[in-house]
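Below is one structure, written out as structure tokens; comments come after it.
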Amino acid sequence: MNAVTQKEKLTAKDFATDQEVRWCPGCGDYAILKAMQKAMADMGQSTEDNVFVSGIGCAARFPYYMATYGFHTIHGRAPAFATGIKLSNPDLNVWVVGGDGDMLSIGANHLMHVLRRNVDLQVLLFNNEIYGLTKGQYSPTSREGTRSPSTPLGSVDRPIDACTYALGAGATFIARGIDSQQKHLPGIFQAASEHKGASFVEVLQNCIVYNDGVFNEFTDRDVAADRQVHVEAGKPLIYGADGNKGIRLNLQTLSLEEVVIGENGVTEADLLVHDPSNRTLAGMLAAMNGRELPVALGVLYCSQEATYEAAVHDQINAAKQSAKITSFNDLLRTGHTWVAGG
Amino acid sequence: MNAVTQKEKLTAKDFATDQEVRWCPGCGDYAILKAMQKAMADMGQSTEDNVFVSGIGCAARFPYYMATYGFHTIHGRAPAFATGIKLSNPDLNVWVVGGDGDMLSIGANHLMHVLRRNVDLQVLLFNNEIYGLTKGQYSPTSREGTRSPSTPLGSVDRPIDACTYALGAGATFIARGIDSQQKHLPGIFQAASEHKGASFVEVLQNCIVYNDGVFNEFTDRDVAADRQVHVEAGKPLIYGADGNKGIRLNLQTLSLEEVVIGENGVTEADLLVHDPSNRTLAGMLAAMNGRELPVALGVLYCSQEATYEAAVHDQINAAKQSAKITSFNDLLRTGHTWVAGG
Amino acid sequence: MTVATLQEAPPKRLELESAVVRFAGDSGDGMQLTGGQFTQATALAGNDLATFPDFPAEIRAPVGTTFGVSAFQINFGARDIRTSGDAFDCLVAMNPAALKVELKGLRPGGLLIIDTGSFNDRNLKKAGYDTNPLEDNSLAAYQIVTIDISALTMEAVKDSGLSKKDALRCKNMWTLGYVYWLFGRDRAPTVDGLRAKFAKKPEIAEANIAALNAGHALGETSEVDFPGYHVPQAEIAPGLYRTVTGAEALAYGLAVGASLAEIPMFFGSYPITPASNLLHNLSRMKQFGVTTFQAEDEIAAACSAIGASYAGQLGVTSSSGPGVALKTEAIGLAIGVELPLIIVNVQRAGPSTGMPTKTEQSDLYQSVYGRNADSPVVVLAARSPGDCFEVAIEACRIATQFMTPVYLLSDGYIGNASEPWLIPDVDTYDHFPVKFHTETEGFHPFLRNPETLARAWAKPGTPGLEHRIGGIEKDYNSGHISYTPENHQKMTETRLQKIANVAKTIPDQDVEVGETSGKLAVVGWGSTFGPVSRAVQNLRDEGLDVSHIHLRHIWPLPSNLGKLLSGYEKVLVPEMNTGQLLTVLRAEYLTPAKGLNKVAGQPFKIAEVEAAIRDELES
Amino acid sequence: MTVATLQEAPPKRLELESAVVRFAGDSGDGMQLTGGQFTQATALAGNDLATFPDFPAEIRAPVGTTFGVSAFQINFGARDIRTSGDAFDCLVAMNPAALKVELKGLRPGGLLIIDTGSFNDRNLKKAGYDTNPLEDNSLAAYQIVTIDISALTMEAVKDSGLSKKDALRCKNMWTLGYVYWLFGRDRAPTVDGLRAKFAKKPEIAEANIAALNAGHALGETSEVDFPGYHVPQAEIAPGLYRTVTGAEALAYGLAVGASLAEIPMFFGSYPITPASNLLHNLSRMKQFGVTTFQAEDEIAAACSAIGASYAGQLGVTSSSGPGVALKTEAIGLAIGVELPLIIVNVQRAGPSTGMPTKTEQSDLYQSVYGRNADSPVVVLAARSPGDCFEVAIEACRIATQFMTPVYLLSDGYIGNASEPWLIPDVDTYDHFPVKFHTETEGFHPFLRNPETLARAWAKPGTPGLEHRIGGIEKDYNSGHISYTPENHQKMTETRLQKIANVAKTIPDQDVEVGETSGKLAVVGWGSTFGPVSRAVQNLRDEGLDVSHIHLRHIWPLPSNLGKLLSGYEKVLVPEMNTGQLLTVLRAEYLTPAKGLNKVAGQPFKIAEVEAAIRDELES
Ligand SMILES: Cc1ncc(C[n+]2csc(CCOP(=O)(O)OP(=O)(O)O)c2C)c(N)n1
Ligand SMILES: Cc1ncc(C[n+]2csc(CCOP(=O)(O)OP(=O)(O)O)c2C)c(N)n1
Ligand code: SF4
Ligand code: SF4
Ligand SMILES: [Mg+2]
Ligand SMILES: [Mg+2]
């Protein structure tokens, strides 16, 4: 074997392209891009073995700004392209990027199938609860009553929750982050990349033009600590400006409730401890949205299962090994043949 | 107003058409058809106010055999057609019928959206875990390892669970039944029809030709009682040939377990009591599939929320009432106008 | 602040028959607003006009970049105006990027108005200039007016109390004021408009007005070497006018068309540039009983509309090429079950995502031929923003009278452009009421009107007419499923004949400009109307033997078209594609037509069409 | 049990040049198996042959219904056989429904073999007979052999120990034995085959063999008024043969084609009748490195294949018309990013669901024109099951050498029919290896091969060639996003020219049968090959001046085709659609071609083509 030349570890900058970034000034996508470039450097990734695949939308422009391989495809279908890429070359580290319209309006079916098949990809959904690129129509994640060019009197649809949907779709890894949290986001991307199987990451992203401040109720500086809980495996669900709020399971109603440690005899021991392998818990965490309960951030669910592309290639390899017919000429001559003429 | 002539109540037979039923002899679809015709009669439905809309597949031939209005559309899109129908005429009672391929392979996105929007339809998914009409390829609900013409060495996809998916998609009514259970099925259809909003019903259906006996592990006569639990609101989850098995919530693992009343001190009071309004419980019930735990049958989840078509029409009516401009000629003349020429 | 290059003021305004002005600046510079105001003032001044808003693909491109340039073009005159104009007579460049992108469109000797305040090193570099074009003599071919608009605006609004940022945003009104002076426009309606718009923020209104007035004043008072222009009133058909965009006219036309059919309209769509505006406009027409449904994708949009038609409404869906591609399977069903459906396609440059904000006419193949199986449909095309209204009504008529899908082709140019529109009197339009089937005796859903071959339309909810339809082939005599060979042949032929029958109900094709025979016919469709008709008129004025035929009915073609075309020695087909109508005409009539093809995401220039006509006549 | 109508046995077999036999029975009667066995025996006997399996849309239609009738037709002869035959010389009807459905296909005087055991009241009623056709003299025009096959089968297998139901399932073998006798076929291979197939259930094997022998014995021993037939050996190109269906040949051809391109093949598909068999066949070819992916829908299937091509494999997808409709948006992307992609369309009768199990050629429009924007692609069509192999290889060559999507058209008839196939030697085929780009210097993804205009193909994973591509228009010189007008024009023309360049690499169009000029050219494509070539040959034998041209390359057309066609006075285009190739030829060459159009879900009969040719020559 050849001696492998030790490559120099790349920096975040090495993952930036020379293309002018075409998002609106102040768009949350910039922060996500930055976090991704940092995560790539942190992980020691190479540029040539990573592929970013996206649909259409503001979010979906992401690949143009990563100095890796990239494929900006069509609206809603990125998971399907990514599946073809990963099956063709499992050595590639494949990322899928799209907005809430791309992934949950036109593309939710492909999203579901890539998650249930557990193809080893990272699917990043930048959720700004609006269609940015097409100038601000409401999306399937928009809150009821959203006024938009297509819903001038307010939307009347019940929105879908991305993480809840991913769980129902059979995802094996579900995480949630916020665009501006540079402290947390690279780590989430890294965890997603390290997970073998389909990783689903929802990034709450502020669209400064068409839906500015839609997450303020839990991202505003003065409420953030009280309205966000960063979950960690094996740790109790504690949060709050004073570090004394917690989440407890109410056994009567089989639902979660906010409690204050020290009040009404509540102690840390009463709180739920995060177990990323528990689907039921993941379902309850995903449903926490910063209104009645704080929004749950971090890796909500993670379970190790066989990946699709590995299983497909195992079958192909087994077939090759056990094949009795290995040349096309032999294959064409299997079954009933006869000599004629001459 | 005219006097309304009292219509005679129709019988199950009145809901049958003169078309020859073209399913394979022994197909589970016959039983479902029978249950539906009975349910329609039980409910006192009329033929003219019901519409059956379907996609493509064996299941999707259903409308041809109901003497109501019917629309056999294209593969996977029935929920979208049904949405147009219901929005256009909310007085119609609209049913959507399709197979697991139709609704969960090509059509799962439309299914999700009709559920999250809560359009007042009944969506019936006949799940035979196979593509019947196209001669037996595996489907997204097929168990891992399913050998089929397209997976001669066995499928390697993780299957999706229909009810779990529906829950993740935001359904407000979820039920599960078995084709052959004529005692239960009409009641489930009736409950679905009575629910205001999108009702999702999974009917486990035997495809005698391509997937015969796939549900035997819980439908076989000798195991049925031990492997099925029929849930009822307010009642404990009891089942079993001897009526002494039950489902209990394990608080340590936050998961369900099977217990026997009378053994290890278990009493009926320890068992979970069914509450169709609890999403977390519904998630756990949906996941029960007759293997480790019995399969849960009946109405797993039900929650009353505003329906989409009502909200849409409320907006339209409000717009009409408050409109200042009511003629097209006036509308065309709003904004800046000027007189020229002459 | 002095205005360096301005020189001695001449005595009186130059008279022009027409003028093309292009406002170009950064996305944030408010060029679309400026153009809109200028359009209104110009209409009021009695000119005919046409406009072309040309904005970038990015929502808010980074400041100062070439891809962030937003432009608005207007052509106005004393004669009737057919296009937004070829070369600009006047270009307003608010920053270096705008100059960089737009200069090539300015005619030699044209007037170039530049805001020198934005020509700093940073902006020059962003625009890709190595040297400052104001200093390197590269603009010698033009008549240049350099003004530090930024500074003069700041000066004008300094008492307003606005922040610097907000103050600078009045730059566009300053510029508008100056251009108002240039063409002798009245400021009053704009002043009123600003006060109304900013009723709740009077300080902003007043600052903008101050800027507007300051710009105007500079024109009046400064010593310039040109006198300003005067464009006399045009002869315009008398009546009440407004400006209308294609998207507006389409929305009105569809709603009016449904009301003439006397059924409610259902609109299922999914946003896509440049078609979304139709969805937006119709969403605001709820009081007319229009139901709009933003579906999860184009497929669901089309299917919901077909479902609505099944339920007895007029189902309409809209998109642009890539979205229409997704709808074709569902459209096939509508063809098979014979339900009304209107598919509006606001065409854009492709293939694939292509250039979403740029115009093209390249979806004609898709409309006429773009489905599996023998799937005949009706295809109509609108020629201008106002024409969208008429074509939409025609689409409603054909869809409901013939129980068929109808494609209605618009394009990005027509959709966004606005033109003065003689407002029609809706009460004068003929109704074409839908008659739902009610007779239960002998009913089946494929009973046909012997004249049109349209099938019976029976609404769910009607007792006694319960029926099932679907995509499987249906028996001609019962409507039940049928797989028999003869029946399929008959049904295929019937579907074909039904669409052919539409031609019996449409007027003979007329000649737009020119004679019904001669040396050369120029056959256009859609938005090439403006440049083609102007080019043909210009050359006829020169005495050339050329005529203009413009198609509204693309499929089926008007019955007399073959005969009409055979009267010309040559046929030229200008299209913003690589020759799609050309294929249809050649295949139908074996006419040796040639194409004039432009695929640049931009409308034809009149000169381009003129040159091609000359070539054809000379060759 | 007596065989009522059999009479005196004549001395020796009648010699026939060819014969058409149709086996028809209930779906459960095993007619496809019977036909397959008969085909094999006939091939071994040295006849040329063609077959046509014709089964119902229903999986298992209710027993005894007309829509449950399953049939298998074979035409075999001493001369070369081009179609599965027009009228049947012999019809085997296993039940009343089969008789009802198939009788009209039997030529007057033809041999009708009937299982009387199934002609009970119940079955007669199900088939829609009011009176028993065996008793009402309605079959007088035919030569009838009535046998109680059911009873004779039960008798033959009575010692097998099988249940009555299983015993009765041997009916088809009894019938096969009888027909073997009729045409003097050897039973041995079938006997061997049955023993192999039922190795684990010898009692079933033996029962079937007993039935086969009993049927044969009845022919040998009974007193019949006809002698049995003899069809002499045909002159066939010498070599090793097998039977092959279109689906098999396609699977082989694609895999071989990818191996000639020296890259792995990725197949993304979604089941649909009649295309699914290709998926099934390829799923069994994993040992050749073929990856098959059953996607969630057609869109994902196409997208996964494009993704695979992006990653450096040869992406192939397949469907039938309605499914291809769904893929068109994705195909537009493949056109825009210029990646190889093969789209196999096994056409079926439409529009919409139509008649999924019936054949048609009506997706030519969809293939050539059926996309938004100016989206040129390559379209190829296979003429016969065996030809699928060659056309598949050609598709692989063009897709990879030109970096373009290629449509490959098959149809339900070709896909399911089998024919004897002279097995090719794969080692003799020329390789056309893909050369992935590796040079980092000056690389961008839209660097072009100056000859073909194909772009550079760089595989992800290659250091130094990292690049981003997408559906937005790309700069000709850098591959970056570009919205400039001139560039779009240039790129559009380049894409068009690239596809035009394909024509430089394909052979000149030849004349299949006849002369390179003359009175009439019959231009066919796809599966009309059989009837057209036979009809033209027949009429040439009569001395008529008619020639047959058959296209493999539908787009771009062979360079010499226009010139070739201009050498004939008339051109006739037979198609199983309403005139789609006709449109292409008329538009391209202004040739006043006429169409012969059949849209009945069934192949042309030779006689139909002959009649049309006579008409054309006489008119
Ligand atoms: C087939 C198709 N349909 C519609 C569109 C138009 N379109 C582009 S992006 C988009 C949605 C954008 O919203 P989202 O996915 O949330 O991304 P964001 O811009 O908010 O990041 C739509 C509808 C398209 N490009 N293609
Ligand atoms: C667009 C399209 N793709 C594929 C098909 C072929 N097709 C018809 S039904 C079906 C799936 C049938 O499976 P399922 O929905 O589970 O219904 P079942 O027959 O099992 O009741 C498929 C793939 C089609 N008709 N249309
Ligand atoms: S429109 Fe919104 S999401 Fe898109 S780039 Fe601008 S701020 Fe970001
Ligand atoms: S194939 Fe299966 S699902 Fe379809 S009709 Fe037959 S038994 Fe029923
Ligand atoms: Mg978004
Ligand atoms: Mg199924």
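Letters go in sequence order (proteins before strands), and every chain restarts at 1.
Contacts with chain D were tallied for A:W338, A:F81, A:Y64; A:W338 has the most, counting heavy-atom pairs under 4.5 Å. Interface check for chain A: of the options D:F266, D:F293, D:F389, the most heavy-atom pairs under 4.5 Å are formed by D:F293. The greatest number of non-hydrogen atom pairs below 4.5 Å with chain D, out of A:V312, A:L92, A:D91, A:N89, is found for A:L92. Of the listed residues A:V53, A:V51, A:L87, A:N93, the one with more heavy-atom pairs under 4.5 angstrom with chain D than any other is A:L87. Contact count against chain A (heavy-atom pairs under 4.5 Å) is highest for D:C303 among D:C303, D:G470, D:G307. Per-residue counts of heavy-atom pairs under 4.5 Å with chain A were compared for D:P189, D:A311, D:A308; the largest is that of D:A308. Of all the listed residues (D:L44, D:L465, D:I469), the one sharing the greatest number of non-hydrogen pairs under 4.5 Å with chain A is D:I469. Between chain A and the options D:A300, D:G289, D:G461, heavy-atom pairs under 4.5 Å are most frequent for D:G461. Most heavy-atom pairs under 4.5 Å with chain D: of the set A:N329, A:D49, A:T83, A:I316, this distinction falls to A:N329. Chain D forms the most heavy-atom pairs under 4.5 Å with one residue out of A:S54, A:A67, A:A323, and that residue is A:A67. Between chain A and the options D:V244, D:T462, D:T291, the largest number of non-hydrogen pairs under 4.5 Å is found for D:T462. The choice from A:Q321, A:R117, A:R77 that makes the most heavy-atom pairs within less than 4.5 Å of chain D is A:R117.
In this structure, no portion of D:P264 lies under 4.5 Å from any heavy atom of chain A. For a residue to count as touching a neighbouring chain, one of its non-hydrogen atoms must lie under 4.5 Å from one of that chain's; by this rule A:T17 touches chain D with the side chain only. For D:A305, no part lies under 4.5 angstrom from a heavy atom of chain A. For D:S259, the part lying under 4.5 angstrom from a heavy atom of chain A is the side chain only. Of the two parts of D:A301, neither the backbone nor the side chain holds a non-hydrogen atom closer than 4.5 Å to a non-hydrogen atom of chain A. Contacts of A:T68 with chain D are made by backbone atoms alone, with heavy-atom separations under 4.5 Å and no side-chain atom involved. In this structure, chain A has heavy atoms under 4.5 Å from both the backbone and the side chain of D:A255. Heavy atoms closer than 4.5 Å to chain D are found in the backbone of A:M66, but not in its side chain. Looking at D:I263, there are no atoms closer than 4.5 Å to chain A (heavy atoms on both sides), in backbone or side chain.
Dense packing is recorded around CG of D:D427, with more than 12 heavy atoms of other residues, nucleotides or ligands lying under 6.0 Å away. The number of heavy atoms from other shown groups lying within 6.0 Å of CD (D:E235) does not exceed 12.
Between the side chains of A:N50 and A:Q45, at least one donor-acceptor pair of N or O atoms lies under 3.5 Å. Side-chain contact check for A:T47 and D:E466: at least one donor-acceptor pair (N or O, by modelled atom type) lies under 3.5 Å. D:T317 and D:K327 form a side-chain donor-acceptor contact under 3.5 Å, judged by distance and modelled atom types alone.
Salt bridge D:R242/D:E248: present, at least one basic N to carboxylate O contact under 4.0 Å.
Side chains of A:Y165 and A:L115 form no contact here, defined as non-hydrogen atoms less than 4.5 Å apart. Taking the side chain as every heavy atom from C-beta outward, D:I481 and A:Q19 never approach each other to under 4.5 Å.
A pairwise comparison of heavy atoms in A:P79 and A:G76 identifies CD-O, 3.9 Å as the closest pair.
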A:N128 vs A:D100, side chain to side chain contact (heavy atoms under 4.5 Å, CB included): CA-CA, chis, key distance, verdict
CA-CA 7 Å; A:N128 54 17; A:D100 41 312; 2.8 Å; yes
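Note on ring orientation: taking the six-membered ring where Trp is involved, the planes of A:F62 and A:F52 are tilted (angle from 30° to 60°).
Note that the CG atom of D:L254 and the CG atom of D:L250 stand 5.5 Å from one another [nearest 0.5 Å].
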